[in-house]
*Asks:* 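I have a structure I would like to understand better, so I am pasting it below and will then ask my questions one at a time.
In the text below, chain A, chain B and the rest are named by the order of the sequence lines, each starting its count at 1.
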Protein chains: 2
Amino acid sequence: MSNPLDQVFSALADPTRRAILAMLLEDDMAVTDVADPFPMSLAAISKHLSVLAEAGLITQERRGRVKWCKLEPDALRTASVWMQGFGQFGPVDLDGLERFLAAELHGPDLPDPPASFSV
Amino acid sequence: MSNPLDQVFSALADPTRRAILAMLLEDDMAVTDVADPFPMSLAAISKHLSVLAEAGLITQERRGRVKWCKLEPDALRTASVWMQGFGQFGPVDLDGLERFLAAELHGPDLPDPPASFSV
DNA sequence: CATATCGTCAACCATCCGGTTGAATATGGC
DNA sequence: GCCATATTCAACCGGATGGTTGACGATATG
C-alpha cells in the first residue's frame with residue numbers, strides 16, 4: 001500500500017484518527033496526552049499515530065522522553081487535489097458545511113475530544 | 001461503520017475504486033464495461049461498486065438487464081468540507097497539482113484505465 | 001423455446017485492521 | 001542507584017476486506 005493516496009485516505013477513514021488530527025489542530029501534543037480522552041489503550045493510540053505519521057499527516061519529534069506530535073496539514077493537499085478533479089468544492093461551501101454538521105452532530109460514537117471539531 | 005465520513009474515506013482508500021470513479025467521470029457505464037479494464041473478476045468489481053454506492057459516491061440504475069453506474073460527485077463534499085478545516089486547499093492549487101501528478105504518474109500498479117486520470 | 005448476456009449471491013480463503021495485554025526500553029527526578 | 005513516567009514492541013484475537021470460484025435469476029435475442 002505504498003500509494004500516498006491509499007495511505008492518506010485510509011488513514012482518514014478511521015474516526016479515532018480523524019479526532020486525533022482535530023486535536024492536533026489546536027496544538028502539538030505528547031502521545032500520552034493525545035491518548036487521554038480516548039477509551040482505549042495507549043498502545044492503540046500509539047499505533048494510530050504511526051499510521052498518521054506514515055501517511056505524512058503528522059510528524060513526531062522525540063524531545064527528552066516525550067514524543068511530540070505535530071499536525072502536517074499539507075499532506076491533505078494531494079488528496080484534496082485528487083478530489084477536486086470531481087468538481088469544485090470551494091473552500092467556503094457554508095451550505096454544505098451546515099448540512100454536514102447537522103448530519104454529524106447528533107451522530108455517533110466517538111468519545112468527547114476537543115469538541116468544536118467534527119470527527 | 002455508519003459514519004458517512006468513514007464510508008467515503010474508506011471507499012476512496014482503494015486504488016481500484018478511485019480508478020472506477022475516474023472512469024465514471026467521463027461517462028456513465030454498465031457494470032460489465034466498468035470491469036473490463038481491470039485484471040480481476042466481474043464479481044470483485046461488483047463488490048467495489050456496492051462499496052461506492054453505499055458511500056453515496058455513485059448511484060446505480062437498472063435499465064433492462066444492464067445496470068448503469070453514475071458518478072455522484074456531491075458525496076465528496078462532506079469529506080472535502082472536513083478537510084478544509086485543516087487549511088485552505090483552494091480549488092485551484094496548481095502548484096500542488098503539479099507536484100502531485102509528478103509523484104503519481106511514474107507511479108504504481110493499476111491497470112490501464114482511461115488514462116488522463118490519476119488513480 | 002433455447003441460448004447467450006448481465007449481474008449478483010454464497011462460500012471460501014488469505015490478509016489486514018483495530019484492539020487487547022504484558023514485557024521491554026528509554027529517559028527524568030529524587 | 002532507584003523508582004516513576006513515556007512510549008513502543010510482540011504476541012494474540014476477532015472481525016472486516018479484497019479477492020476467487022461456481023451456481024443462480026433475470027433479461028434479451030434468434
Side-chain angles (χ1 to χ4, degrees), chain A residues 1-3 5-21 23-24 28-55 57-70 108-111 113 119, chain B residues 1-3 5-21 23-24 28-55 57-70 108-111 113 119:
Chain A
M1 207 223 295
S2 56
N3 189 319
L5 280 176
D6 287 17
Q7 289 183 265
V8 169
F9 280 130
S10 81
L12 294 180
D14 185 281
T16 301
R17 288 193 289 263
R18 289 198 305 276
I20 291 174
L21 292 179
M23 293 164 66
L24 293 178
D28 298 1
M29 297 178 78
V31 174
T32 308
D33 297 327
V34 170
D36 205 47
F38 293 96
M40 67 184 73
S41 70
L42 183 61
I45 297 294
S46 181
K47 283 194 206 174
H48 280 303
L49 289 169
S50 297
V51 172
L52 291 170
E54 286 193 17
L57 290 162
I58 66 169
T59 51
Q60 298 181 284
E61 181 198 356
R62 170 152 242 137
R63 207 147 56 210
R65 74 179 153 180
V66 20
K67 200 172 191 177
W68 292 92
C69 306
K70 181 181 188 315
D109 20 19
L110 254 251
V119 183
Chain B
M1 205 223 297
S2 56
N3 189 319
L5 280 177
D6 288 17
Q7 289 183 266
V8 169
F9 280 130
S10 81
L12 295 179
D14 185 283
T16 300
R17 288 193 288 263
R18 289 198 305 276
I20 291 174
L21 292 179
M23 293 165 66
L24 292 178
D28 298 0
M29 297 179 78
V31 175
T32 308
D33 297 327
V34 170
D36 205 47
F38 293 96
M40 67 184 74
S41 71
L42 182 61
I45 296 294
S46 180
K47 283 194 204 174
H48 279 303
L49 289 169
S50 297
V51 172
L52 290 170
E54 286 192 17
L57 290 162
I58 67 169
T59 51
Q60 298 180 284
E61 180 197 357
R62 168 154 242 135
R63 208 145 57 210
R65 76 179 152 180
V66 21
K67 199 173 192 176
W68 292 91
C69 306
K70 181 181 189 312
D109 20 22
L110 256 248
V119 182

*Asks:* Side-chain contact, heavy-atom cut-off 4.5 Å: A/Ile20 with A/Phe38?
*Replies:*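 The answer is yes, as the side chains (C-beta and beyond) meet within the 4.5 Å cut-off.
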*Asks:* Atom CD of A/Gln7 and atom C1' of C/dC16: how far apart are they, to the nearest Å?
*Replies:*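 In whole Å, C/dC16 C1' and A/Gln7 CD are 14 Å from each other.
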*Asks:* Over how many whole Å does the gap from A/Leu49 atom CG to D/dT7 atom P extend?
*Replies:*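 To the nearest whole Å, that distance equals 9 Å.
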*Asks:* Using side-chain contact (heavy atoms from CB on, under 4.5 Å) as the criterion, list what pairs up with B/Asp36, not counting sequence neighbours.
*Replies:*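 For B/Asp36, no residue satisfies side-chain contact (heavy atoms from CB on, under 4.5 Å) once neighbours in sequence are set aside.
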*Asks:* Would you say B/Ser41 places a side-chain N or O within less than 4.0 Å of OP1 or OP2 belonging to D/dT20?
*Replies:*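 Indeed, a polar side-chain atom of B/Ser41 lies that close.
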*Asks:* Quick check for you: among C/dT8, C/dG19, C/dA11, whose closest atom lies nearest to any side-chain atom of B/Gln60?
*Replies:*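 The nucleotide sitting nearest to the side chain is C/dT8.
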*Asks:* Both A/Arg17 and A/Ala43 contact DNA chain C. Taking the nearest nucleotide for each, which residue is further toward the 5' end?
*Replies:*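 The 5'-side residue here is A/Arg17.
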*Asks:* Could you tell me how far apart B/Ile58 (CD1) and C/dG7 (P) are, to the nearest whole angstrom?
*Replies:*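 Interatomic distance, CD1 of B/Ile58 to P of C/dG7: 12 Å.
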*Asks:* Does A/Ser46 have a side-chain nitrogen or oxygen under 4.0 Å from the phosphate oxygens OP1 or OP2 of D/dT8?
*Replies:*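 Yes, such a contact exists.
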*Asks:* Taking only residues two or more places apart in sequence or in another chain, which ones pass side-chain contact (heavy atoms from CB on, under 4.5 Å) with A/Thr32?
*Replies:*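 Once residues adjacent in sequence are excluded, A/Thr32 has no partner under the side-chain contact (heavy atoms from CB on, under 4.5 Å) criterion.
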*Asks:* Nearest nucleotide by nearest heavy atom, which residue falls closer to the 5' end of DNA chain C, A/His48 or B/Asp33?
*Replies:*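 With B/Asp33 and A/His48 compared, the 5'-side residue is B/Asp33.
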*Asks:* Indicate, with a heavy-atom threshold strictly under 4.0 Å, whether B/Ala30 touches base, sugar-phosphate, or nothing.
*Replies:*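 The residue B/Ala30 makes sugar-phosphate contact but no base contact.
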*Asks:* Return the set of residues passing side chain to side chain donor-acceptor pair (under 3.5 Å) with A/Arg62 (not counting sequence neighbours), or none when no residue passes.
*Replies:*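 Residues passing side chain to side chain donor-acceptor pair (under 3.5 Å) with A/Arg62: none at all.
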*Asks:* Going by heavy atoms closer than 4.0 Å, what residues in residues 62-70 of chain A are next to DNA chain C?
*Replies:*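 Within residues 62-70 of chain A, the residues near DNA chain C are A/Gly64, A/Arg65.
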*Asks:* Could you list the donor-acceptor pairs under 3.5 angstrom formed between side-chain atoms of residues 40-48 of chain B and any protein atom two or more places apart in sequence or on another chain?
*Replies:*
unit_1	atom_1	unit_2	atom_2	d
B/Ser41	OG	B/Ala44	N	3.1
B/His48	ND1	B/Arg17	NH1	3.1

*Asks:* Find the distance B/Phe9:CZ to C/dG18:P and express it as a whole number of Å.
*Replies:*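 From B/Phe9 CZ to C/dG18 P: 15 Å.
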*Asks:* Please report, rounded to the nearest Å, how far the P atom of C/dC16 is from the CG atom of A/Asp14.
*Replies:*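 Value for this atom pair: 18 Å.
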*Asks:* Report the residues that fulfil side-chain contact (heavy atoms from CB on, under 4.5 Å) with B/Gln60, sequence neighbours left out, ordered by chain and then residue number.
*Replies:*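 Expected list: B/Val31, B/Leu49, B/Ala53, B/Ile58, B/Lys67, B/Cys69.
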*Asks:* Can you measure B/Asp36 atom CG to C/dC6 atom C1' for me and round it to whole angstrom units?
*Replies:*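 Taking CG of B/Asp36 and C1' of C/dC6, I get 13 Å after rounding.
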*Asks:* Rounding to a whole Å, what distance do you find between B/Phe38:CZ and C/dG7:C1'?
*Replies:*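 For the pair B/Phe38 CZ and C/dG7 C1', the rounded distance is 17 Å.
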*Asks:* Over how many whole Å does the gap from B/Met40 atom CE to D/dT21 atom P extend?
*Replies:*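 For the pair B/Met40 CE and D/dT21 P, the rounded distance is 12 Å.
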*Asks:* Does a side-chain heavy-atom distance below 4.5 Å link B/Val66 with B/Asp33?
*Replies:*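 A side-chain contact under 4.5 Å is absent here.
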